[in-house]
Chemist: 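Sharing a structure below in structure tokens format, with a few things to ask.
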Amino acid sequence: MSSRILPALALLVSIGIFFTYVDPIWSGPIAASKAAIASDDQALAAASRYATQQNELATARSAIDPADLTRLSSFLPDSVDNVRLVLDLNALAARSGLSLSNINVTANTASAESANVSASSVGSADLSLSAIGTYAALKTFLGGVEKSERLLDVKDISVKGSDTGVYTYQVQLRLYWLR
Amino acid sequence: MALPPTIPTSFIPQSASAAARRFRTDFVGAFGFFGYSVLGVIFALAIGVFFYGRILAATQVSKDTELAKAEATIDSATVLGFVRLRDRLNLSTTLLGNHVAFSGFFKLIETILPTTVRFTSLHLAVDDAKKVKLDGSGVAKSFNALAVASTEFAAGGLIKEAVFSNIVINKDDSVSFALSAMIDPNLIAFLPSSAIPSAFATSTASTTISL
């Protein structure tokens, strides 16, 4: 009798062990550990790639002339810094022979879209100014603005003539900065 | 002489219960073997799973530690510096590609406009679609001078859709006019090599435009 009961009992115990220990452990903690290890492996591979790329980027950056990096920062600065810009424009106007007045800055929200760049990365503002001077002075001023170390786009310019050779100008400039 | 194995050695028939008992004995033996074998395999599997789980747990701890060390070596300021440098380079390239330089327009208008035509007012505007609109008003010494100006605008192709309107002949035979036109964006595109001639900054006496 026991020769039949014991094997059956062994089978039942086997089934019990499988469903209460082997399968839950395999599909639970072991599966989770395997997933975590796979994730860690991916992260470690990414960290390795990052270290390699960081070294490459550091090498590439050190190959750039620091003066050029400074100029690049001036070209697209980290902040609006419109006060310094107004000072610079005033100095440029004085050198060009223009007399500036009524300088005003307004934030612009559509500029990034118009420049086909990410709106979240670059900020822009419009600077409008009035000026008085000769045509030659205007051209010198415009030349200076166009070649300014800080990027300035002339968006709008109005000229009103006079018989004296001294004209009135309304100029709207767009300035940019990196957000 | 030996008998062939197919010929029964006894004429007494065997009982059916003995055959069934032998079959039952064989079945019980096979079942027992199967049951104990399965139990053994499952035990081995359970032990394997147990140790495999421990090995995996140890491996995970080791990987986590390694990852934490790798993370610690990453300086967020360095990353931010690289990201901003990349953004600055890319955005600067894009913005420089769209950089506006009206010097090109003034240079052209000085060249093509007859000396007998002058603007009294001029308005240039660039919209967000990079379309450049020119509106102005002026005076020409004669109708012919205005016609020459109109022909020059049409011939150049950089000042498009030039429409002269509000044409009024004054008492001194001069002609007042208003001008509306679109400017080719290439005319105001900034070129790093384009330098403003020094003459521009000194005198306009020889230029053909006067305001």
Side-chain angles (χ1 to χ4, degrees), chain A residues 3-4 6-11 13-14 17-18 21-22 25-26 29-30 33-34 36-37 40-41 43-44 47-48 50-51 54 57 61 69 72-73 75-76 96 110-111 113-118 121-122 134-136 139-140 142-143 146 151 153-161 167 176 178, chain B residues 28 31-32 34-36 38-39 41-43 45-46 49-50 52-53 56-57 59-60 63-64 66-67 70-71 73-74 78 82 84-85 87-89 91-92 94-96 98-103 106 118-126 128-130 190 196 200-204 209-211:
Chain A
S3 62
R4 273 175 287 174
L6 284 176
L9 200 63
L11 268 180
V13 169
S14 302
I17 289 171
F18 181 81
Y21 181 75
V22 175
I25 292 291
W26 184 265
I30 285 182
S33 292
K34 284 167 82 175
I37 288 169
D40 284 355
D41 283 340
L44 283 168
S48 174
Y50 165 79
Q54 185 183 18
L57 288 172
R61 186 172 60 182
L69 286 174
L72 185 64
S73 294
F75 183 82
L76 192 61
S96 307
S111 64
E113 192 180 329
S114 67
N116 295 323
V117 293
S118 169
S121 301
V122 67
T134 62
Y135 176 61
K139 286 198 301 180
T140 306
L142 280 182
E146 288 162 8
L151 181 66
D153 279 332
V154 179
K155 304 303 285 184
D156 194 293
I157 179 167
S158 295
V159 186
K160 282 192 178 176
Y167 310 114
Y176 306 91
L178 189 65
Chain B
V28 167
F31 180 65
F34 175 72
Y36 294 133
V38 168
L39 183 63
V41 168
I42 289 295
F43 259 121
L45 197 62
V49 163
F50 175 79
Y52 185 52
L56 280 182
T59 306
Q60 188 183 346
K63 297 265 183 189
D64 284 346
E66 200 178 340
L67 189 60
E71 279 179 354
T73 61
I74 296 173
T78 306
F82 283 132
R84 285 190 75 77
L85 179 59
D87 287 348
R88 183 168 271 123
L89 284 167
L91 292 169
S92 296
T94 306
L95 290 169
L96 199 56
N98 294 317
H99 186 36
V100 174
F102 275 114
S103 294
F106 286 113
R118 68 183 181 93
F119 283 106
T120 52
S121 71
L122 197 62
H123 179 219
L124 295 159
V126 186
D128 285 341
K130 236 200 154 190
F190 176 75
I196 298 175
F200 285 8
T202 54
S203 170
T204 57
I209 182 173
S210 59
L211 282 161

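Side chains are part of it too, since the values below use all heavy atoms of this structure and drop only hydrogens, waters and symmetry mates. Below, chain A is the first sequence line, B the second, and so on; all start at residue 1.
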Chemist: Given that the side chain runs from C-beta out, which part of A:Leu69 has a heavy atom under 4.5 Å from chain B: side chain, backbone, both or neither?
Modeler: side chain
Chemist: Quick check: closest heavy atoms across A:Asp156 and A:Ser158, and the distance to 0.1 Å?
Modeler: OD1-OG, 3.9 Å
Chemist: Quick check on A:Ala10 against chain B: is it the side chain, the backbone, both or neither that has a heavy atom closer than 4.5 Å?
Modeler: both
Chemist: Please determine, among B:Lys130, B:Arg84, B:Glu71, the option with the most heavy-atom pairs under 4.5 Å with chain A.
Modeler: B:Arg84
Chemist: When B:Asp87 is tested against each of A:Leu178, A:Leu76, A:Val122 for side chain to side chain contact (heavy atoms under 4.5 Å, CB included), which residue passes?
Modeler: A:Leu178
Chemist: Return the minimal non-hydrogen interatomic distance between B:Gln60 and A:Ser33, and the atom names on each side.
Modeler: OE1-OG, 3.4 Å
Chemist: Just so I know, are the side chains of B:Phe50 and A:Tyr21 near enough to count as touching, which here means a heavy-atom distance under 4.5 Å?
Modeler: yes
Chemist: Are the side chain of B:His99 and the backbone of A:Glu146 linked by a donor-acceptor contact shorter than 3.5 Å?
Modeler: yes
Chemist: Looking at A:Val22, A:Asp153, A:Leu11, which makes the most heavy-atom pairs under 4.5 Å with chain B?
Modeler: A:Asp153
Chemist: Chain B heavy atoms under 4.5 Å from A:Phe18: which part of the residue, side chain, backbone, both or neither?
Modeler: both
Chemist: At what distance, to the nearest 0.5 angstrom, does OH of A:Tyr167 lie from NZ of A:Lys160?
Modeler: 15.0 Å
Chemist: From A:Arg61 CZ over to A:Leu57 CG, what is the distance, rounded to the nearest 0.5 angstrom?
Modeler: 8.5 Å
Chemist: Looking only at non-hydrogen atoms, find the nearest pair between A:Asp40 and B:Lys63 and report the distance.
Modeler: OD2-CB, 3.5 Å
Chemist: Which one wins on heavy-atom pair count under 4.5 Å against chain B: A:Val154, A:Leu9, A:Val13?
Modeler: A:Val154
Chemist: For each of B:Ile74, B:Leu96, B:Leu45, tally heavy-atom pairs with chain A at distances under 4.5 Å, and name the one with the top tally.
Modeler: B:Ile74
Chemist: Please classify the contact of A:Ser48 with chain B as side chain, backbone, both or neither, using a heavy-atom distance under 4.5 Å.
Modeler: neither
Chemist: For the candidates A:Ala43, A:Ala47, A:Ser96, which exhibits the highest count of non-hydrogen atom pairs separated by less than 4.5 Å from chain B?
Modeler: A:Ala43
Chemist: Report which part of A:Leu151 has an atom under 4.5 Å of a heavy atom belonging to chain B: side chain, backbone, both, or neither.
Modeler: side chain
Chemist: Under a 4.5 Å heavy-atom cut-off, does chain B meet the side chain of A:Ala8, its backbone, both or neither?
Modeler: both
